[in-house]
Each structure stands twice: as structure tokens, then as C-alpha cells.
Amino acid sequence: MGARILILEDEPVIRRALRRLLERHGHTVEEAATVAEAEAACARCGFDLVIADLRLPGAPGTDIIGRCGDAPVLVMTSYASIRSAVESMKKGAVDYIAKPFDHDEMVLTVERILRQHRLERENRALRSELARSYPVHGMVGECPAMQEVFRRIRKVAATDTTVLILGESGTGKELVARALHEQSPRADRPLITVNCAAIPETLIESELFGHERGAFTGAVERRQGLVEAADGGTLFLDEVGELPLTAQSRLLRLLQEGTIRRLGEARERQVDVRLVAATHRDLQRLVAEGAFREDLYFRLRVMEIWLPPLRERGDDIERLAAFLLEKVTRRLNRPPMHFTEEALAAMRAYHWPGNVRELENAIERAVILAEDERITPALLALGTPASDPASTAPQAPPADLSLEAYFRHFVLTHQEHMTETELARRLGISRKALWERRQRLGIPRPRRRQAR
Ligand SMILES: Nc1ncnc2c1ncn2[C@@H]1O[C@H](COP(=O)(O)OP(=O)(O)OP(=O)(O)O)[C@@H](O)[C@H]1O
């Protein structure tokens, strides 16, 4: 597609040669001999690119930077003045090219700058559109179920109501908790996040509620728990279904009375926290199995927010992919990139057991491995386009299993009849490491499990 290019050059011979070259490649060209002329031309109409000679009578070519709208400026300079080329880049030129220039090199440089600038413009437009249409910072979603999520966040954030966030692993539960906190009057107080599945059962009570040890020996050790640390703010209990029954009783007391008692201490302490909890488990089922207190369940679910799995979000998959690609390339300092049609089709067909987190990980891996600006299905490496969840079921282990493959196989084979603690022990890792590896490899815990 032809672009509008302005040449700022005082040598008529070079100007004409460059004009002919660019016009042969389908671009529309205007000429200027001084910065003042160039500025006037830019005021008349916008350009996609300005190619400016550095040495001009009067003001140097770099003076056009910042006076030609958002057009990138490519500086031409003689071999002898590479230092001034570097100075030009510092002033904001996108690139420089040495004179006399090679025609192929000039054409390639121009095409590259135009392509990059076009993508940047598109990304800027996308970013501002996202900022307009998504009320929760950094959270993308236009499908009806996500619109309902945003509606509920808006309604309940300002209150002190307890919120229970439900959804499969990686659907964005933590983002919702953060949004609830940030849009509440408690926003300038702490948000304390606790992943109940990542803390060993024996430690969780003292982590949450604190302890006082050795009161009788004289060597007293007092420690504040995370609930107290959240005083005045919000406490987010992720994976609340994993909380042992004893800790559940203390939590209930906190919700009913607004008080806690440190382990080993007699006195009650008043705390003011807003509780947000999340789980991917079926709490009602846990209640039926006796693993979760019914009274606590009712206290928690005053307001429920349900996050749909990624595979049920329709066109949001593409929106999210574009958003996450931009986020990842920016973080990794890469030029703008895009998905091929095949990659988009592969993402639409995939089952996404690890939801948005899995999508984010796949995109990050692809960006790191990519050789150019295209993200292909091979780079995403999504494996089976499994619209059938059964295809993630274990099969016989191949002979040459890598450690990762072994982990995946072992977990998928045994998770139905083993607790997380047992699984971790058999794998020789901590429960926290098991949880983290599940997240990384996109193997969330199954929703339906046998009673422990
Ligand atoms: N709607 C969304 N828009 C943009 N990014 C999202 C969205 N949902 C989730 N993410 C991103 O996906 C990743 C996983 O989200 P998050 O940690 O909130 O999921 P989760 O449901 O809490 O997972 P888990 O249950 O495993 O703790 C995060 O990096 C988050 O920023």
C-alpha cells in the first residue's frame, strides 16, 4: 500500500532521484528544501514518513522532528558524520541512512519504518479503545458473561460486601479481586492475597491469624498474621476451598464478629477487613462431603461473580490474544507482531484448559521463539485442538518421557484418586511447587474430585 512521504533535501539532484525511486514503489511524494518549507507542507496535509537530510542551509534536518505530526523521521547523513546520526536518533529520529545511499537499502528501510509505524498506530488505537470499553484496568471482555462480570464489579466494589469469585483456573479471578479492591474506598489500604492451596495445611492457620508462642517459657515469639496485615484493606483468599476446617472456623468468626485470635493467645483482636474469596472447586459439593462448613459457605456467597472459561468467550479469544500479544511484546521490548490467520484459527479451535493464563504463556513463548513479526500455529504449540476435554486424559506413557511430560502424565493419571498432598509427596516436591507447576503447564486441578 502506497504511503505519503515528504523528502526534505536541499540538493535537487538527490531529491529527484529519491522521488523517482519512491514513486516507482507506489508512494506519493512531496519535496521541500528547507525545514520551514517542510513544516508548511506538514501543516497542509499529514505524512506517513519524512526523509530528512541532516545538513541543510539554515536549520538542520532534525529540526523537523516533532513538527510533522506523528510522522516518523528518517535522517540521511554522510558517512563522515555517524556521530551526528547518533545525535539525530537521540533527538527522536526513527533511523538514519548513510549517503550516498544504496537504492535497495533505502527501499527496505522505508518499508520497514512504514510497517512498524502502521502497527504502532493500530496498537495505539486498540489501546485507547480498550481503555474506553473495559471498566476494569487490564481486563478484556465483550462477551455477555464478561459484561455481567464488569457490571457486578461496578456494583459491589464500593461496598464492604463479601464476594465469592468462581471460575476455572486462569480465568482471571485474581484480576477481579484486585479490581474490587482498587475500585473500593479501601484502595489506599493494603490488598493482601493469600493462596490457600500454596501454604501447607499445618502452617496456614498461623500464617493467616498469627501466633504467640512460648508464653510460659518466657521466650515469647509474637507474630502478626496476614488477616491483621490487611486491616483497613481487603483480604483475598484464593483457593478458599482448600482451607482446613479449623481455619474455616476462625474465618467464620472474623466474618461474624470482625475479630480474630492469634494461635496460642487468649485475647480477641478487632480487625476491619473486607473479604474476597475465590475458588475453582464446587463449594456446594465440598459442603455435601463435609469438607467445607456450610455456614461459612453461606457467609461467603453473599455476592457471587462467575468467570466463564476462555473456550466459552467467543470472539473475546481474539481480542484477548491481541491484547496479550501487545502486552508481551512491550514487556519484552520487541517490535509489534501479529497472528497469522492459521494461528487465529488454531486458538479458536483449542480447548484452553488453563484459560487466559495458558493463552498468555503460549503467546509469551511464541514471541520469544519468533524469527519475524508473525506468530504462527507452530510457535503457539497448542497441541491437540482439543474441543473435547477427554483428550487431555492420560494415555500410556511414551518411552522417552521428558521431566515435564512425566509430571504431566503422573498428575493426569493419579489426580482423580490422590489428594494434592499425596501427589506432591509421590512426586517428591512441595504442595506449593505442585501448584505452581500445574499453573505453568496449564494442568488445572479437576473440578470434580473424590472426597478426601
Ligand atoms: N479478561 C482478562 N483480560 C486480560 N488479562 C487477563 C484476563 N483474565 C485473566 N488475565 C490474565 O491471565 C492471567 C491469569 O489470571 P488470574 O491469575 O487472575 O487467574 P485466576 O483465575 O486467579 O487463576 P488461579 O485460579 O489459577 O489462581 C493473569 O496474568 C491475568 O492478568
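Just follow the structure's listing: the first ligand is 1, and inside any ligand the first atom is 1. Every heavy atom of this structure was used, including side-chain atoms; hydrogens, water molecules and symmetry mates were not.
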N/O pairs closer than 3.5 Å, ligand 1 and protein:
residue  : atom   : partner : partner atom : Å
ligand 1 : 1 (N)  : Val140  : N            : 3.4
ligand 1 : 1 (N)  : Val140  : O            : 2.9
ligand 1 : 3 (N)  : Val140  : N            : 2.8
ligand 1 : 17 (O) : Arg357  : NH2          : 3.0
ligand 1 : 18 (O) : Lys173  : N            : 3.4
ligand 1 : 18 (O) : Glu174  : N            : 3.0
ligand 1 : 18 (O) : Leu175  : N            : 3.1
ligand 1 : 19 (O) : Gly172  : N            : 3.1
ligand 1 : 21 (O) : Gly170  : N            : 3.4
ligand 1 : 21 (O) : Thr171  : N            : 3.2
ligand 1 : 21 (O) : Gly172  : N            : 3.1
ligand 1 : 21 (O) : Lys173  : N            : 2.9
ligand 1 : 21 (O) : Lys173  : NZ           : 2.9
ligand 1 : 22 (O) : Lys173  : N            : 3.4
ligand 1 : 22 (O) : Glu174  : N            : 3.0
ligand 1 : 23 (O) : Gly170  : N            : 3.0
ligand 1 : 23 (O) : Arg357  : NH2          : 3.3
ligand 1 : 25 (O) : Lys173  : NZ           : 2.6
ligand 1 : 26 (O) : Ser169  : OG           : 2.9
ligand 1 : 26 (O) : Arg357  : NH1          : 3.0
ligand 1 : 26 (O) : Gln439  : OE1          : 2.8
ligand 1 : 27 (O) : Asp238  : OD2          : 3.0
ligand 1 : 29 (O) : Glu360  : OE1          : 2.6

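Every residue two or more places apart in sequence or in another chain that forms a salt bridge (Lys or Arg N to Asp or Glu O under 4.0 Å) with Glu436 is listed here: Lys432. With sequence neighbours left out, Lys91 forms a side chain to side chain donor-acceptor pair (under 3.5 Å) with no residue at all.
Under a cut-off of 6.0 angstrom, the local environment of CZ in Arg186 is crowded, with over 12 non-hydrogen atoms contributed by other residues, nucleotides or ligands.
Applying the salt bridge (Lys or Arg N to Asp or Glu O under 4.0 Å) test to residues at least two apart or on different chains, the pairs with a partner in residues 63-74 are Glu39-Arg67, Asp70-Arg124.
Under a 4.0 Å N-O distance rule, the pair Arg261/Glu265 does not qualify as a salt bridge.
No side-chain N or O of Arg269 forms a donor-acceptor pair with one of Gln224 less than 3.5 Å apart.
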